[in-house]
2 protein chains.
Amino acid sequence: MVPTDDRQMWQELGLDLEAHDGLLSVLGQAYEDVYLRQPNRPRAMEYFDFVVSQIHGLRVRELLQAKERGRKVVAAFCVFVPEEVVLAAGGVLIGLCGGAEVGFDLAEQYLPQATCPLIKSFFGFKLARLCPYIELADLVVGETTCDGKKKAYESFHTLAPVHVMELPQMKNPADRVLWRAELARFVDRIEALTGNRITDDALREAVGVVNAKRRALARLAALRSADPAPISGLDALLVNQISFYDDPERFTAKVHELCDELEERVARGQGVTARGAPRILVSGSPMAIPNWKVPHVIESCGAVVVGEESCVGSRNFRDLVDEGPADREALLDAIAERQLRIECACFTPNAERADTVARMARELGAHGVVHYNLSFCTPYAAEALRLDRQLRGQGIRMMRLETDYSQDQAQVRTRVEAFLEMLAME
Amino acid sequence: MVPTDDRQMWQELGLDLEAHDGLLSVLGQAYEDVYLRQPNRPRAMEYFDFVVSQIHGLRVRELLQAKERGRKVVAAFCVFVPEEVVLAAGGVLIGLCGGAEVGFDLAEQYLPQATCPLIKSFFGFKLARLCPYIELADLVVGETTCDGKKKAYESFHTLAPVHVMELPQMKNPADRVLWRAELARFVDRIEALTGNRITDDALREAVGVVNAKRRALARLAALRSADPAPISGLDALLVNQISFYDDPERFTAKVHELCDELEERVARGQGVTARGAPRILVSGSPMAIPNWKVPHVIESCGAVVVGEESCVGSRNFRDLVDEGPADREALLDAIAERQLRIECACFTPNAERADTVARMARELGAHGVVHYNLSFCTPYAAEALRLDRQLRGQGIRMMRLETDYSQDQAQVRTRVEAFLEMLAME
């Protein structure tokens, strides 16, 4: 049951109440089917279940209260938008809704039909008035990571205030200069938005907060190398997804609570499957809430997902910002330096990614890699063909899976089953 | 009939002779059907007909002879690869084959299925061993103008020597610094390739040669504003296509010969259609030889194409490099400055392009705009939706046409006829 005051809040945010009721009802049912019916869940997942149940409720209220106290809310969905800068200016960075097939017909008035579902979804959520975050955000921050997003933000300007960061496409010295200039331009924009000057101390503290979140996520990721895996891939993905929405300090504490429990499980040899169950590393395009299709199908087939080489996964937490520098400019240098280590397919070349996927597969004891590609996500689709060859050369099997947000579970399942059968025969 | 020594040359280049014979035969027939049957062609088109007939013959032989004399051949297909630099180092810049559905099955082993046909075609020509230019080229120069090409060149590295230039995605001061650094890196690479240092004099001379070519193409473009148009859109497109293949000085002279004839035609009121025929401006993705489908369909319906807002068109020749600077570095600054005025959809934002299309439509007396989009060319597809609204606001009608290299002339014709009927009713 939705509290009455939540409905009033959504109405005040301008949401389409009737359609939003429908969305929450579908989401609630999906969450029950996909998440709550999983066996052997860690107790500490209760917190994350609660967050999902309140994702358009309490968390939105918290953000509105923060706004009343003068904080600004910045919305984005890319790991290249530096949360450290937003936090240091007293702002809040949150993810945009983008994981469901919502308002695609409206979105296609702005976007080419052959656009990836993540982009169509974030437009659709805005145009169908179903995302409270975009409605309460003071600024949307885009980036030029792919043609689809780059050109989409040009149109999004007409729907919301947008700042676009230009990500370079290589990692040469001139690119580092460009990206550092973009960080400076972002700092200016955030300072103007919040009215707060970003001090040395505030930025150092913010770097600490975000690094702490990354350390917690890295701890969770490492625990998944145990056999049996102490947590399902679905639950681990959810934690990574929520890292883009929740208050960072509360979130970090809750992830550590979860990890404490998982450590006990590992010590006891307890897991979500029997020991020896097929283990899959997922690599590729990001999965935004509530895009759980592929891990759900994989785990419904008796396998367990043990890692995500993804922006909603390892690319978000693997490296830390150097906490050594004392002053703001040097900290910004360090933030830029960390970001340009991210192995996003938007870069050319991006050869290190293949090594990372192979290393993760080995470290996590994966039997195979499922390369997940959002439809029309050209950068990852292009890398997938090469990655397949490179991994095969190292004796690692990979399956390329390209899908959108449609209800094609049956087809995905057929392919996943065939892949698992092939792995079992090796 | 193909001279025997041509076949020997192709064999030595490693072409698949049998498939190449088939290609030339299809091309020859297409050229006859599309080009040679046009009514009222200018006499001076004979030169360009000859160039097409010899595009894999004499021109290839010329390039091989240039190589024997120590010149290097650089292949590319983008207006951001500066011909001036290649010429100044004693090299030759030529276009890559990319306008026909050739070897797509082979190309899809390297490229996502949802890749634009231009990219699939240039891979396909290489993999099917059908493009003499790629076989004789000493270096292929790519760029990061779109996700498709950016990621494609990563794979092309395994097939040929490749240098990739990073085009920035905005036109801010930091982007100008990046692009200028890329030009410097390109100069280094070309100097290393050719063994020639690019001197002040050589670069100034090369700027003059390429500017002269642009002036000739601009003269041709301006003559098309006459009613009746003195040249068909097909013939004008062909001249623009050949500008990427032919020796620049010879080409410039031949374009001026053509323009002299067209000026006489205009003075006499002579054209390729009756006065008052529907006039169409084509805008959007580039059309590489032998991609003539859309203008052929438009002109078969009784209309005339009067301009191309395209990289194979106005974006290639509109602006000139400042010939004022005396020294190399200042000339390179001027080359960069001109390039960053190009209104390619790879930039964000790219708002000036809408003004350009509207101005061209007015200046050329176009009754409507056909926006031509290669399938899966996201940057232009994204701009098309906005451009349509912007032009409509100025009373200019636009039709969005998205197609690949398949034989869908009948569908294209149905849409073009409907558009022309709508224009006629206004």
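Naming: A, B, ... by sequence-line order, numbering from 1 per chain.
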Heavy-atom pair of closest approach, residues B:Thr378 and A:Pro112: O-CG, 4.3 Å

Closest contact, heavy atoms only, A:Thr144 versus B:Met170: CG2-CE, 4.5 Å

Residue, of A:Asp175, A:Leu167, A:Thr115, that accumulates the most heavy atom pairs under 4.5 Å with chain B: A:Asp175

Most chain B-contacting option - heavy-atom pairs closer than 4.5 Å, from A:Ala114, A:Ala181, A:Ser155: A:Ser155

Do side-chain atoms of [X] reach the backbone of [Y] as a donor and acceptor pair under 3.5 angstrom?
| X | Y | value |
| --- | --- | --- |
| A:Asp147 | B:Asp147 | yes |
| A:Glu166 | B:Gln169 | yes |
| A:Lys151 | B:Ala345 | yes |

Counting heavy-atom pairs closer than 4.5 Å to chain A, which one of [options] comes out on top?
| options | answer |
| --- | --- |
| B:Gly148, B:Pro379, B:Ala174 | B:Pro379 |
| B:Asn373, B:Leu385, B:Leu111 | B:Leu385 |
| B:Ser375, B:Cys346, B:Ala152 | B:Cys346 |

Heavy-atom contact with chain B under 4.5 Å, split by part of A:Phe347: backbone

A:Arg400 versus chain B, the contacting section by heavy-atom distance below 4.5 Å: neither

Interchain contact, B:Asn172 with chain A, by part (heavy-atom threshold 4.5 Å): side chain

Structural part of B:Arg389 lying under 4.5 Å from a heavy atom of chain A: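 Contact with chain A is through the side chain of B:Arg389 alone.
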
Spacing of CD belonging to A:Glu402 relative to CD belonging to B:Gln113, to within rounding of 0.5 Å: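 Rounded to the nearest 0.5 Å, the CD-CD separation comes out at 8.5 Å.
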
Euclidean distance, A:Thr348 OG1 relative to B:His157 NE2, rounded to 0.5 Å: 6.5 Å

